[in-house]
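Everything below concerns the one structure shown next.
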Protein chains: 2
Amino acid sequence: MNPLDTLRRQKLDTDTPVCETCGSRVAGLCRPLDIAALDEISSESDQMSMPARATVFREGDPAGRVFTLIDGTAKLTRLLPDGKQQVVGFRYAGDIIGYTTKDTYPFDAELLTDARLCRLDRKNLAGLLGRYPALEHRLLDLCVQELAATQEQLVTVGRRTAEARVAAFLMSLVAARRRRGAVGRLLEMPMTRADIADFLGLTLETVSRTLTSFRRRGWIREPAHQRVELINLNAISSLAEGTADDAA
Amino acid sequence: MNPLDTLRRQKLDTDTPVCETCGSRVAGLCRPLDIAALDEISSESDQMSMPARATVFREGDPAGRVFTLIDGTAKLTRLLPDGKQQVVGFRYAGDIIGYTTKDTYPFDAELLTDARLCRLDRKNLAGLLGRYPALEHRLLDLCVQELAATQEQLVTVGRRTAEARVAAFLMSLVAARRRRGAVGRLLEMPMTRADIADFLGLTLETVSRTLTSFRRRGWIREPAHQRVELINLNAISSLAEGTADDAA
DNA sequence: CGGCGTTTTGAGTGCTTTCAAGACCGGTGG
DNA sequence: CCACCGGTCTTGAAAGCACTCAAAACGCCG
C-alpha cells in the first residue's frame, strides 16, 4: 500500500468530523462533507443491521434509498431469464450500494455476511446534492471507479482462462482489503464457490478444481472456512496479469 | 421506441439553443446547458475531423481532453499483456468519449469510420462544471448509464452461448441506432468480425460462423459491406434474451 | 448422531478455439 | 480493362478447455 495513503487516512480520521450514523470510520458518502453537512446527513439517515443472506433490495425495485455498507460483505447480481445469475460485483465495508440516477435498482443486492448498513432516503440525498456540490462530485468519482472496475472484470471474463480468472479474483480480494486499510496475506473470503463462479463466468466445479490446483501447488492455503492465505502472491499475480511465468 | 421520447426529442430540437461547435444536433455534453453555457462551451471547444482507424487517445495517456462524437463510430479497447484486446464498448454519434475523473484514460479509443469530433480541454470542462452544476449531474447520469450497459455486457460475455452473444450484439446495434432517433431494420455495422469477437469474448471465426448460421436461417441479410438487415427480429431478440424459443 | 448445504473429485461430452486453406472484395497499378 | 494484392470473411477438421452429470466427502449445526 502506498504509504501516502495511510498518512492521508490517518489525517482524515483525526481532522474530519464523524458521521454519527456511519460510526467512527468516515467513508462512503460522508467523506467529502463538512460539519454542517454531516450533521444534516446524520439526522436524515439511520443505521440498520441485517443477517447474512438477507436481500437489501432487488433488481427492478423502486430505487428509493441509498445504502452505505458499514460492516460486512454484499454481492450484487443480475438474474438471467434462464435462472442463471451473474454477479456484477462484491461490496465491502465503506462501499456505497444502490445509488443510481434511474427509478429502479439495476441489480439485486444480497448480504454474504451479517452486516450493518447506513440507510438514506433518495429524496434526502437529492436535497443534500443540491446543497453540497462536492457530494455530487464524489458520487461521480465513485461511479467512474466502479465503471473502470467493471470494465476490468469484462476483460477478465471475456479473455482469460479459468486459472487466470480465479487468480484475478484473489487479487481483487487483496485490493479490496487494502482499500479498507489492512495488509497481510490472510484474507476473508465470505463468498461460496458458486458466488465466485457466477462472478467469473465459470461453473462452481471449475472454481473448486482451480482453487484445489492452487492449493496443491502451494500457492494458497485455506486455514479455515471462508479464509484464504495467499502464500505465493507473485505466482498468483502474474497468472492474473496473463504473464504466465509459472513463477516458482 | 417510446413515442414520448420522440416527442421530447423534437421539443428539444426546437426549444434548445444550439452548440455551435457540435452543430445542429444537441447531444453529448451540451444537452442540459442554457444559452450562456453554450456560448461558453462553444468558444472553448473546437471541432476536428479524423479518418477511420485513427486513434483518438490511448490507454494511459494523460486525460487532458473530453470528446463528443459528432459523427461516426468508435471502439473503446483495453489491451491485455498477451496482446489480445477486449473491446469494452462502441460509441456512436452523440456519445461522449474520454471523460474520466482520473489522470489518464482507462482505455484506447479508435475510430472505425471517418469521424468528426468536438474537443474540449479538461480544464475548461472543470471550469464549466463549477459554474453549471447541471453539467455534473449530466455526467453522472451518463456514467450510471454506461455502468449499467457494461454490467449488461458482463452478463452477456459471462453466461451466454456464442449465438446468444451475437444476437445480443445485434440488438445492441438496434438500441444504439434508436438512441440516435432512427428506426427500421437496416443497420450500419462498421465493425469487423474481429472487433465484434473482441467485444463478445469470442474468436472471429465463431462470430463469422454464427452470422452465417443466422443468414442461413433467414434471420438476417447483409445487403452490402458493413450493413445488416434484421429480418426476423423476434428470433434474434428472444435468442439474445435467453428465451430460446426458436421463434419461426 | 443425523441432516443439509458446500466442496471435492471423476468421467464423459460438447462448444468454442485453434490451425489451416481457400474465397471474396475493394483498391491499385500495369 | 484486368491482374494482382492485402485485408476480411468463410469454411473445414481436429484439439482442448470448461461444462455437465454424478457421487462421495466434508463440515457445520441442530
Side-chain angles (χ1 to χ4, degrees), chain A residues 51-53 75 80 82-87 110 112-114 156-169 189-217 220-228 239 242 244, chain B residues 51-53 75 80 82-87 110 112-114 156-169 189-217 220-228 239 242 244:
Chain A
R53 290 157 191 275
K75 70 172 176 186
L80 280 82
D82 60 4
K84 290 177 187 165
Q85 70 171 6
Q86 173 76 34
V87 173
E110 186 181 321
L112 298 180
T113 64
D114 295 343
T156 298
V157 169
R159 308 261 67 151
R160 297 206 235 250
T161 64
E163 288 203 345
R165 291 186 216 187
V166 174
F169 167 71
M189 190 170 71
M191 44 295 272
T192 66
R193 307 300 194 222
D195 292 332
I196 301 170
D198 286 339
F199 183 54
L200 298 175
L202 298 169
T203 59
L204 67 91
E205 292 95 328
T206 300
V207 171
S208 175
R209 275 186 250 271
T210 306
L211 286 172
T212 299
S213 159
F214 286 1
R215 217 180 303 124
R216 294 224 172 100
R217 291 177 218 172
I220 64 171
R221 237 181 322 196
E222 298 190 87
H225 189 49
Q226 304 195 327
R227 285 214 156 49
V228 223
L239 184 52
Chain B
R53 290 155 193 276
K75 70 171 176 188
L80 280 83
D82 61 3
K84 288 176 188 165
Q85 70 170 7
Q86 173 77 35
V87 173
E110 187 181 322
L112 297 180
T113 64
D114 295 344
T156 298
V157 169
R159 307 259 71 150
R160 295 206 236 248
T161 63
E163 288 201 347
R165 292 185 217 187
V166 174
F169 167 71
M189 188 170 72
M191 43 295 272
T192 66
R193 307 298 194 223
D195 291 332
I196 300 169
D198 286 339
F199 183 54
L200 297 175
L202 298 169
T203 59
L204 69 91
E205 293 94 330
T206 300
V207 171
S208 175
R209 274 185 251 271
T210 307
L211 286 173
T212 299
S213 159
F214 286 180
R215 216 180 303 124
R216 294 222 174 103
R217 289 178 221 173
I220 64 171
R221 239 183 318 198
E222 298 190 88
H225 189 48
Q226 304 195 327
R227 285 214 156 50
V228 225
L239 184 52

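Chain identifiers are assigned alphabetically (A, B, ...) following the order of the sequence lines, protein sequences preceding nucleic acid strands; residue numbering begins at 1 within each chain.
- Among the protein residues, Thr192(A) comes within range of the sugar-phosphate backbone only, with heavy atoms under 4.0 Å from sugar or phosphate atoms but none that close to a base.
- Between the P atom of dC26(D) and the CD atom of Glu222(A) lies a distance of 15 Å, rounded to the nearest Å.
- Among the heavy atoms of the strands lying under 4.0 Å from Thr212(A) are primed sugar atoms or P, OP1, OP2 only; no base atom is included.
- Counting any heavy atom pair closer than 4.0 Å across all strands shown, Thr206(B) reaches a base atom.
- The salt bridge (charged side-chain N to carboxylate O under 4.0 Å, His left out) test applied to Glu205(B) returns no partner, not counting sequence neighbours.
- Going from atom NZ of Lys84(A) over to atom P of dC19(D) covers 10 Å, rounded to whole Å.
- The CZ-P distance, from Arg209(A) to dC19(D), rounds to 9 Å in whole Å.
- Over its full length, the helix from dC1(C)-dG30(D) to dG30(C)-dC1(D) turns its helical axis through 30°, comparing axes from the five pairs at each end and rounding to 10°.
- Each of Val207(A) and Arg159(A) was assigned the nucleotide of DNA chain C with the nearest heavy atom; the assignment lying further toward the 5' end belongs to Val207(A).
- For dC21(D), its base sits under 3.5 Å from the side chain of Glu205(A) at one donor and acceptor pair at least.
- Arg160(A) comes within 4.0 angstrom of no nucleic acid atom, judged by non-hydrogen atoms across all strands.
- Look at CG on Asp195(A): it is 13 Å from C1' on dG5(C), rounded to the nearest Å.
- The side-chain contact (heavy atoms from CB on, under 4.5 Å) check on Ala194(B) picks up Thr192(B), Leu204(B), with sequence neighbours excluded.
- The distance between atom NE2 of His225(A) and atom P of dG5(C), rounded to the nearest whole Å, is 14 Å.
- Among Asp198(B), Leu112(B), Thr113(B), Val87(B), the single residue meeting the side-chain contact (heavy atoms from CB on, under 4.5 Å) criterion with Met191(B) is Leu112(B).
- Atom P of nucleotide dC9(D) and atom CE of Met191(B) are separated by 12 Å, given to the nearest angstrom.
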Tell me, with the steps shown, if Arg227(B) and Glu222(B) meet salt bridge (Lys or Arg N to Asp or Glu O under 4.0 Å). CA-CA 6 Å; Arg227(B) 285 214 156 50; Glu222(B) 298 190 88; over 6 Å; no

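- A straight line from CG of Leu204(B) to P of dG7(D) spans 15 Å, rounded to a whole angstrom.
- Residue contacts shown for Arg165(B) are absent, as no nucleic acid heavy atom lies under 4.0 Å away.
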